[in-house]
Amino acid sequence: MADATTRSWHGIVLDVLRRNEVRLVTYVPDNVLRPLIEGAHADPFFTAFPTAREEEAAGIVCGAWMAGMRGIVLMQTSGFATLPNVLASLACACQIPLLMMVSERGTLGEFNLGQALVCRTMRPVLDALGVEHHTITRLDEAEFIVDRTIRQAVGTQAPACLILSPLLTGGKVAS
Amino acid sequence: MLRNTRVMNRFDLTRRLVAKLKDEAVVGGIGFSNFDLWASSAGRAENFYMLGSMGLAVPIALGVAIAQPRRKVFALEGDGSLLMQLGCLATVAARAPRNLAIVVWDNGVYAITGGQATPAAQAGTDIVAVARGAGIAQSAWASDEAEFEALAEQALAGDGPWLIAARIDAERPAKQTPRDPVLHRQRFMQGMGVREG
């Protein structure tokens, strides 16, 4: 295995998902998440597919967990904004360790006002629901944060959200 | 097709379906769909009762079907709920799970909120035509109780995905599901064999 300093953030995430038996990857695509999504599709360990909406992706992962399969939902910031009702009434109410990974738009060089505004709702929603969340900014911390967050979510039967900062991924900039 | 179907009763049809089941999973959608599932088979550990997350009966059932490909999974969903998440029909068609059957109770109204008409009722939207258009070829209206039972048998015996739609009346459910989400989740996981009882 390559040293953490030479590995990509998406390579690290895929390794940690494998190690924690997180096999199901549902997503609504995002440009920043592209290498992660492609990596999940390329490895038969994962069952990876897109859904029409983030709520659907969350419902599938919750159903799969109740039937014994771990999964994660990938989305961007604006997609997360569609989820509060599902988080409150399904994942939180039923105590399901719904894992979410959000590529953060709306900060550190955002060019779209709508994205900048919706981004401000994300952490307040997570805090209001008491959902554990961590923002990953550094490559050398990525493995630890992703691994420990998954373990804690499963161990405490609570949903959790990992936010991928542009500091980690480079984000999306206006061309 | 739609206008030749008999108006049936959700509790009666739920009982007819449950009577045929062994270890199949059933996800009861929000509102009266899961209330009548509870009324018909409260002690069944393979039932999951949705007390929120309107529109997610089919996605939750799809997740169960993916995790346990050898177990048949039924989603019982109301027409108003399905309208909220129509995109999931394309996702089901794309995944083509052989072990998934969707049952749609179509009364054209949001029954639990006072019977207001859905936009689909006003437009004459045909849920079965929508499902076929989305790519779920094995989609059919049950024209009466006997055909509903025959379609359920077909879904139990053969490869899906299936969608069975039934026009239902406006009758209230026979009972109400207790509002204890953790209890329902725990029992369902026991029913799925992933938790000890």
Side-chain angles (χ1 to χ4, degrees), chain A residues 21-29 40-41 44-75 79 82-100 129 154-159, chain B residues 25 27 29-30 45-71 73 75 77 81-82 84-97 99-100 134 179-195:
Chain A
E21 290 287 318
V22 180
R23 292 177 177 272
L24 181 60
V25 179
T26 57
Y27 62 88
V28 176
H41 274 282
F45 173 86
F46 295 106
T47 298
F49 61 91
T51 61
R53 192 171 165 83
E54 292 79 1
E55 290 178 300
E56 210 195 316
I60 292 166
V61 166
C62 287
W65 185 76
M66 290 194 288
M69 185 186 203
R70 291 182 191 173
I72 190 166
V73 180
L74 312 180
M75 71 202 107
T82 68
L83 285 182
N85 182 51
V86 170
L87 288 176
S89 65
L90 182 63
C92 293
C94 291
Q95 296 179 5
I96 294 174
L98 171 65
L99 299 170
M100 296 167 279
L129 288 168
V154 172
T156 63
Q157 298 202 150
Chain B
V27 177
I30 190 172
E46 297 87 352
N47 293 350
F48 181 67
Y49 305 93
M50 281 170 58
L51 300 178
S53 62
M54 184 166 174
L56 291 195
V58 173
I60 292 170
L62 176 59
V64 175
I66 289 168
Q68 298 201 8
R70 273 177 289 192
R71 189 191 298 271
V73 185
E77 187 68 299
S81 290
L82 184 60
M84 240 186 211
Q85 208 68 242
L86 276 182
C88 76
L89 296 176
T91 309
V92 167
R95 299 304 303 168
N99 56 332
L100 180 67
R179 263 65 166 207
D180 190 340
V182 172
L183 176 76
H184 298 314
R185 193 262 303 148
Q186 177 70 8
R187 272 198 195 148
F188 182 67
M189 290 181 77
Q190 288 164 357
M192 294 299 97
V194 299
R195 285 285 162 89

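Quick note: numbers below take in every heavy atom, side chains included, and nothing from hydrogens, waters or symmetry partners. We name chains A, B, ... by the order of the sequence lines, and we start the count at 1 in each one. Given the structure is predicted, the values throughout are model-derived calculations rather than measurements.
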Open item on the list: If we define contacts as heavy-atom pairs under 4.5 Å, which of A/A57, A/A58, A/G59, A/A52 has the most with chain B?
Closed with: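 The candidate making the most pairs under 4.5 Å is A/G59.
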TODO: May I ask you to name which of B/G55, B/A57, B/G52, B/C88 has the most heavy-atom pairs under 4.5 Å with chain A?
DONE: B/C88
Structural part of [X] lying under 4.5 Å from a heavy atom of chain A:
X	value
B/R95	side chain
B/M54	backbone
B/I60	both

Return the minimal non-hydrogen interatomic distance between [X] and [Y], and the atom names on each side.
X	Y	value
A/E56	B/G87	OE1-C, 4.0 Å
A/A64	B/A67	O-CB, 3.6 Å
B/R185	A/M66	CG-SD, 3.5 Å
B/S53	A/S89	N-OG, 2.7 Å
B/T91	A/T51	OG1-CA, 4.0 Å

Task: Greater than 12 external heavy atoms within 6.0 Å of A/R53's CZ - done: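 Count over threshold, so yes.
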Open item on the list: Heavy-atom cut-off 4.5 Å, strictly under: side chain, backbone, both or neither for A/L24 against chain B?
Closed with: side chain
Task: Separation of A/F49 CZ from B/I66 CD1 (nearest 0.5 Å) - done: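 Going from the CD1 atom of B/I66 to the CZ atom of A/F49 covers 3.5 Å.
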Open item on the list: If you define the side chain from C-beta out and look only at heavy atoms, does anything of A/C62 sit under 4.5 Å from B/F48?
Closed with: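 They are not in contact (no side-chain heavy atoms under 4.5 Å apart), so the answer is no.
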